[in-house]
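Input: a single structure, listed below in structure tokens.
Only a predicted model underlies this, so the values are computations on that prediction, with no experimental measurement involved. Within every chain, numbering begins at 1; the chains are lettered A, B, ... in the order of the sequence lines, protein sequences first and strands thereafter. Values below: every heavy atom of this structure, side chains too, minus hydrogens, waters and symmetry copies.
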There are 2 protein chains.
Amino acid sequence: MTLRGIGGEFGVSMTPAREAVRRLAAEGALFLSSSGRVTTPELTNERIEELAALRALLEVELASRALPRAHMALIDRLQTINSNVAEMVSKRDAVGYIRTNLEFHRTLYLRAQAPAMLAMAETVWLQLGPTMRALYGRLRRTDPPQNHRLIIAALKAGDEPGLRLAVRSDVTQGLRLLAG
Amino acid sequence: MTLRGIGGEFGVSMTPAREAVRRLAAEGALFLSSSGRVTTPELTNERIEELAALRALLEVELASRALPRAHMALIDRLQTINSNVAEMVSKRDAVGYIRTNLEFHRTLYLRAQAPAMLAMAETVWLQLGPTMRALYGRLRRTDPPQNHRLIIAALKAGDEPGLRLAVRSDVTQGLRLLAG
DNA sequence: CATCCGCTCATGTGATCACAAAATCTGGTG
DNA sequence: CACCAGATTTTGTGATCACATGAGCGGATG
């Protein structure tokens, strides 16, 4: 991966390519060697476990903060998104599944009114991107998103411990398969 | 704050200034308006509370992961750093205090062997930089860092709940003053 | 006197170029 | 055949420039 190559690939010069690369590196999605060479960070099991733990920490907190603000309209939207998730699963569309799945989470966390925390969660998602791709592309499961159901149920019931547990399970389950 | 101005201030051209600004913006330390204008993010109480909560989440986890790997040499180093912290407090050197205080935390968290998590914690520190500056510059206290003592004691005793509590208190106490 | 429109200037963006450093290739030697 | 030294090419960095866009200001109008 060279700056000139990336620039040429998108029809721009080196300058925007450099900025994009530097930004992605600042967010941890790319790795800059000491000589400025850009590589993709190696996906070791340790790193995946770490990022999964970060997801659990951040997203459980975000969900918990969203809970008191969650009203019926939000839950309806979550259920709509969740049906899209189920559709992607049944179509075995890995990238579509990842996109709608993250949309589900983001929609919930937006209610937490915690932009800095949400930004950090999205940074983690970005770093996990290639891993998720590898993971869900490999999965041949057609289960509907059971944990999402639990999340919605806990939201309806105002059950905070249940919500925390459901979010933690949802975030951790897939990645445990890959890293374990 | 203009790119040309920043560049001129450090004797470089626009290009490095732009990259630095973009990187800081990607890390949340600066805010880029839609037109590319760069401003310092407004330090509302909500934002400070959020960042303090992030510190608590991340650093409690980092300390907990460092605990089983903490041996005597590490504790000795922490005590040395802590005496430097106390010296900065007695000299009322706010920026020196912030630097040594963060060195104390970083030294402990390095043992957690969790580079991604540590990087996120450092990002939060960066975002809290101006706030810490304002906070500790205002503090006229000469107390020795009591919470650091508790952290070290918990490390020695292998007391994980105590360590979590001590770290949480240390991280939260100062910021609660400002945001409360 | 307030408000709105227009202009001017400052500012960010992206392209191109010169340069230095690193990597890769090549040829020779043990 | 392996390995090392020198040459060449590739690559990132930083500077400079042209251009479009948005901001700030001044004047005209109600």
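- Note: CD1 (A/I6) to C1' (C/dA15) measures 17 Å, nearest angstrom.
- Considering every non-hydrogen atom in both A/L3 and A/A17, the closest pair reads O-CB, 3.7 Å.
- With hydrogens and angles disregarded, a donor-acceptor distance shorter than 3.5 Å links the side chain of B/T100 to the backbone of B/Y97.
- Residues B/E19 and A/R18 are paired through a salt bridge, judged by an N-O separation under 4.0 Å between the basic side chain and the carboxylate.
- For B/D170 against B/Q173, the heavy-atom pair with the smallest separation is O-CG, 3.7 Å.
- Below 30°, between 30° and 60°, or above 60°: for A/H148 and A/F104 the angle between ring planes is below 30°, a parallel geometry.
- Each end of the helix from C/dC1-D/dG30 to C/dG30-D/dC1 gets its own axis, taken as the rotation carrying the C1' atoms of four end pairs onto the next four within a five-pair window, and the two axes meet at 30° to the nearest 10 degrees.
- Open room surrounds CZ on B/R23; 12 or fewer heavy atoms of other groups in view lie less than 6.0 Å from it.
- Here the C1' atom of nucleotide D/dC19 and the CE atom of B/M14 are 12 Å apart, to the nearest Å.
- A/E50 places a side-chain N or O within 3.5 Å of a backbone atom of B/M117 that can act as its donor or acceptor partner.
- Taking only distance into account, the side chain of B/R18 meets the base of C/dG14 through a donor-acceptor pair shorter than 3.5 Å.
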Could I get a table of every N or O pair under 3.5 Å where one atom is in the protein and the other is in nucleotides 5-7 of chain D?
none

query: Going 5' to 3' along nucleotides 20-25 of chain D, which nucleotides have protein heavy atoms under 4.0 Å from the base (write B), which only from the sugar-phosphate (write S), and which from neither (write -)?
result: --SS--
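- The side chain of B/S13 sits closest to D/dG14 out of C/dG12, D/dG14, C/dA15.
- Salt bridge annotation for B/E122-B/R106: present, with a cationic side-chain nitrogen under 4.0 angstrom from a carboxylate oxygen.
- As a whole-Å value, the separation of A/E19 CD from C/dA15 P is 11 Å.
- Between the B/Q127 side chain and the B/A29 main chain, no donor and acceptor come within less than 3.5 Å of each other.
- Cluster annotation: B/M1 is connected to B/L24 through the hydrophobic network of ILVMFWY side chains, with a link wherever side-chain heavy atoms come within less than 4.5 Å.
- Spacing between atom CG of B/L3 and atom P of D/dC17 amounts to 17 Å, rounded to whole angstrom units.
- Straight-line distance from the CZ atom of B/F10 to the P atom of D/dA15: 14 Å, rounded to whole Å.
- Atom CZ of A/R22 is separated from atom P of C/dG14 by 16 Å (rounded to the nearest Å).
- Within the nucleic acid shown, A/T2 comes within 4.0 Å of sugar-phosphate atoms alone, with no base atom in reach, counting heavy atoms only.
- Checking D/dT11, D/dG14, D/dC17 against every side-chain atom of A/R4, the shortest atom distance belongs to D/dT11.
- A salt bridge is defined here as a Lys NZ or Arg NE, NH1 or NH2 lying under 4.0 Å from an Asp or Glu carboxylate O, and A/E49 with B/R65 meets this definition.
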